Amino acid sequence: MIVAIGAIGMTLVIVGGGIDLAVGSTIALTGVLCALALREGWAPSLAVLASILTGGLVGLVSALAITRLRVVPFIATLGMLGVARGTAKWLAARRPSTRPAPG
């Protein structure tokens, strides 16, 4: 399901003549953020909302770099790929962010 949502978004970007290299890293970042929020006891709706807002913020920063700073989309999204991936790895401390098994 997550891949399908990312593919739909990428289809719209490609049809519009653009490119976004940061999609996978953004999905990773939002997934890690949601998992950590759930592990910390956040309500699931708040964890998902925080993840959606984070994904939107990543997209907004890329969009502003492209439109306002006139950075080439390939370069802007390549840079955001590194930022999102690095942030996801830092938040997860390079370990899986899963809930402990009950019991």
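Numbers here simply count residues along the sequence, with the first being 1. Here the structure is a predicted model, which means the values were calculated and not measured.
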Taking a hydrophobic cluster as the set of Ile, Leu, Val, Met, Phe, Trp and Tyr residues connected by side-chain heavy atoms closer than 4.5 Å, whether directly or through intermediates, do Val48 and Val58 fall within one such cluster? no

Check residues 6-16 and write down every donor-acceptor pair under 3.5 Å in which the side-chain atom is one partner and the other belongs to a residue at least two apart or another chain.
residue : atom : partner : partner atom : Å
Thr11   : OG1  : Ala7    : O            : 2.7

Suppose clustering is done on Ile, Leu, Val, Met, Phe, Trp and Tyr with side-chain heavy atoms closer than 4.5 Å. Which residues sit in the same group as Ile66? none

Between Trp42 and Ala50, what is the shortest heavy-atom contact and its length? CZ3-CB, 3.8 Å

Got a sec, which residues hit side-chain contact (heavy atoms from CB on, under 4.5 Å) with Ile75, two or more places apart in sequence or on another chain? Val71, Val72

Report the residues that fulfil side-chain contact (heavy atoms from CB on, under 4.5 Å) with Leu21, sequence neighbours left out, ordered by chain and then residue number. Ile19, Phe74, Thr77, Leu78, Leu81

Could you grab the distance from atom CG of Leu46 to atom OG of Ser51, nearest 0.5 Å is fine? 10.5 Å

Taking atom CG of Leu33 and atom CD1 of Ile52, what is their separation to the nearest 0.5 Å? 11.0 Å

With a 4.5 Å heavy-atom cut-off, do Asp20 and Pro73 have their side chains touching? no

Single-linkage hydrophobic cluster Leu53~Leu36, side-chain heavy atoms < 4.5 angstrom: no

Could you pull out the closest heavy-atom pair between Ala84 and Thr26, with the gap in Å? CB-N, 4.1 Å

Hydrophobic cluster (4.5 angstrom, side-chain heavy atoms) - remaining members for Leu64: Leu60

Treating Ser25 as the side-chain partner and Ala22 as the backbone partner, does any N or O pair qualify as donor plus acceptor under 3.5 Å? no

